[in-house]
Amino acid sequence: MDNPGGDSAHLKSFVLRSGRMTPAQTRSYETGHYLIPYTGEPADFAASFGNNKPVTVEIGFGMGRATAEIAAANPDKNYVGIEVFKAGIGKLIWEAETRGLLNIRIIEHDAVDVVQKMIAPVSAAAFHIFFPDPWPKKRHHKRRLIQKPFAELLASRLCPGAYVYFVSDWEEYAQSALEVFSAVPALTNPHGGFAPPLEWRVQTKFEKKGLDKNHLVREIYMERVKT
Ligand SMILES: C[S@@+](CC[C@H](N)C(=O)[O-])C[C@H]1O[C@@H](n2cnc3c(N)ncnc32)[C@H](O)[C@@H]1O
């Protein structure tokens, strides 16, 4: 399928948090720096970054702490963060500007639409999904990001050998995500089940919250098959 994932009438995997912004976050947000507007058309990331470095896409970066750290440590790669939370977007712009990071861009929109419409098939080097909203109540499971159509969509956007890295502290969501990813024919699991933590992964705000409640952190690392 060239465009799995359905149309943009899907149930949203987020509730817009109004969250008070600090003056610095507001100022940074208002600069519009680093933002790629949502167009609904395939994005030309080489033009946005001014180079052809491989592009990792992070979905739901929250306050962007991991995004900025990982981007700073990997200047040979580009990072596109997708988020709808304005305070977090302001924070990541502030962070990127303060640290002089050249390899970050941000799209403020629903990631399901962005991946489907703006990320070309067989183009991404990786997807990072760190601590997505778990939607713990059974009646809300349909809002979870990782369900069959979106997992297939992610796989379709990856280059051969590229990866999806999903981390969650919600055991039942992690189990369900492992099943969903394992059933995508275009993905393979080099670890068989859950993966060991990758040493370069940075602790995020929501990871800290989970650890403070003694939650177990589960990691899933899937690769796009090389055909
Ligand atoms: C639980 S928070 C985790 C944030 C961060 N990754 C962390 O670990 O601290 C999930 C984030 O994903 C964002 N999010 C959820 N669904 C999204 C979607 N469809 N498109 C863009 N962002 C989304 C939410 O706004 C929220 O900031």
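As the structure lists them, so they are numbered: ligands from 1, and atoms in each ligand from 1. All values below come from the heavy atoms of this structure, side chains included, with hydrogens, waters and symmetry mates left out. On a predicted model such as this, the values are computed, not experimentally measured, just so you know.
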>> For Tyr165 and Phe127, I'd like to know if the aromatic rings sit close, meaning centre-to-centre distance below 6.0 Å.
In response: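 That pair fails the under 6.0 Å test.
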> Taking the six-membered ring for Trp, are Tyr173 and Phe166 ring centroids under 6.0 Å apart?
Replying inline: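 Ring-ring flag for Tyr173/Phe166: true, centres closer than 6.0 Å.
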> At what distance is the nearest protein heavy atom to atom 15 (C) of ligand 1, and which residue and atom is it?
Replying inline: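 Result for atom 15 (C) of ligand 1: Asp133 OD2, 3.2 Å.
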> Which protein heavy atom lies closest to atom 9 (O) of ligand 1, and at what distance to 0.1 Å?
Replying inline: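 The answer is Phe206 N, 3.0 Å.
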Distance under 4.0 Å to a non-hydrogen atom of [X]: what atoms of ligand 1 satisfy this?
{"X": "Ala111", "value": "18 (C), 19 (N), 20 (N), 21 (C)"}
{"X": "Ser13", "value": "15 (C), 16 (N), 17 (C), 18 (C), 19 (N)"}
{"X": "Phe131", "value": "1 (C), 2 (S), 3 (C), 8 (O), 10 (C)"}
{"X": "Asp110", "value": "18 (C), 19 (N), 20 (N)"}
{"X": "Thr204", "value": "7 (C), 8 (O), 9 (O)"}
{"X": "His109", "value": "20 (N), 21 (C)"}
{"X": "Phe14", "value": "15 (C), 16 (N), 17 (C), 18 (C), 19 (N)"}

Hey, is ligand 1 close enough to [X] that some N/O pair sits below 3.5 Å?
{"X": "Val112", "answer": "no"}
{"X": "Arg17", "answer": "yes"}
{"X": "Leu145", "answer": "no"}

> Would you call the rings of Trp170 and His215 parallel, tilted or perpendicular if under 30° counts as parallel and over 60° as perpendicular?
Replying inline: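 Ring orientation of Trp170 relative to His215: perpendicular.
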> At their closest point, which heavy atom of Ile119 faces which heavy atom of Ala124, and how far apart are they?
Replying inline: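 Answer, listing the atom of Ile119 first, then Ala124: CG2-CB, 4.4 Å.
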> So which heavy atom on Ala46 is nearest to which on Asn52, and how close?
Replying inline: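 For Ala46 versus Asn52, the nearest heavy atoms are CB-OD1, 3.4 Å.
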Between [X] and [Y]: side-chain donor-acceptor atoms closer than 3.5 Å:
{"X": "Gln175", "Y": "Glu171", "value": "yes"}
{"X": "Asn78", "Y": "Asn51", "value": "yes"}
{"X": "Tyr29", "Y": "Glu108", "value": "yes"}

>> Just to be sure I'm reading this right: ignoring hydrogens, which of Gly60, Ser168, Gly81 gets closest to atom 12 (O) of ligand 1? Compare them by their nearest heavy atoms.
In response: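 Heavy atom nearest to atom 12 (O) of ligand 1 belongs to Gly60.
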> Which of these, Glu58, His10, Glu83, Met63, has its nearest heavy atom closest to atom 24 (C) of ligand 1?
Replying inline: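 Going through Glu58, His10, Glu83, Met63 one by one, Glu83 has the nearest heavy atom to atom 24 (C) of ligand 1.
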> Looking at Met21, Gln25, Lys91, which one forms a side-chain contact (heavy atoms from CB on, under 4.5 Å) with Lys86?
Replying inline: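 Testing Lys86 for a side-chain contact (heavy atoms from CB on, under 4.5 Å) against Met21, Gln25, Lys91 leaves exactly one candidate, Met21.
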> Checking Arg144 against Trp135: charged group under 6.0 Å from the ring centre and within 45 degrees of the axis?
Replying inline: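 Negative - Arg144 is either too far from the ring of Trp135 or too far off its axis.
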> What do you reckon, does Arg65 put a non-hydrogen atom under 4.0 Å from ligand 1?
Replying inline: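 The answer is no, since Arg65 has no heavy atom less than 4.0 Å from ligand 1.
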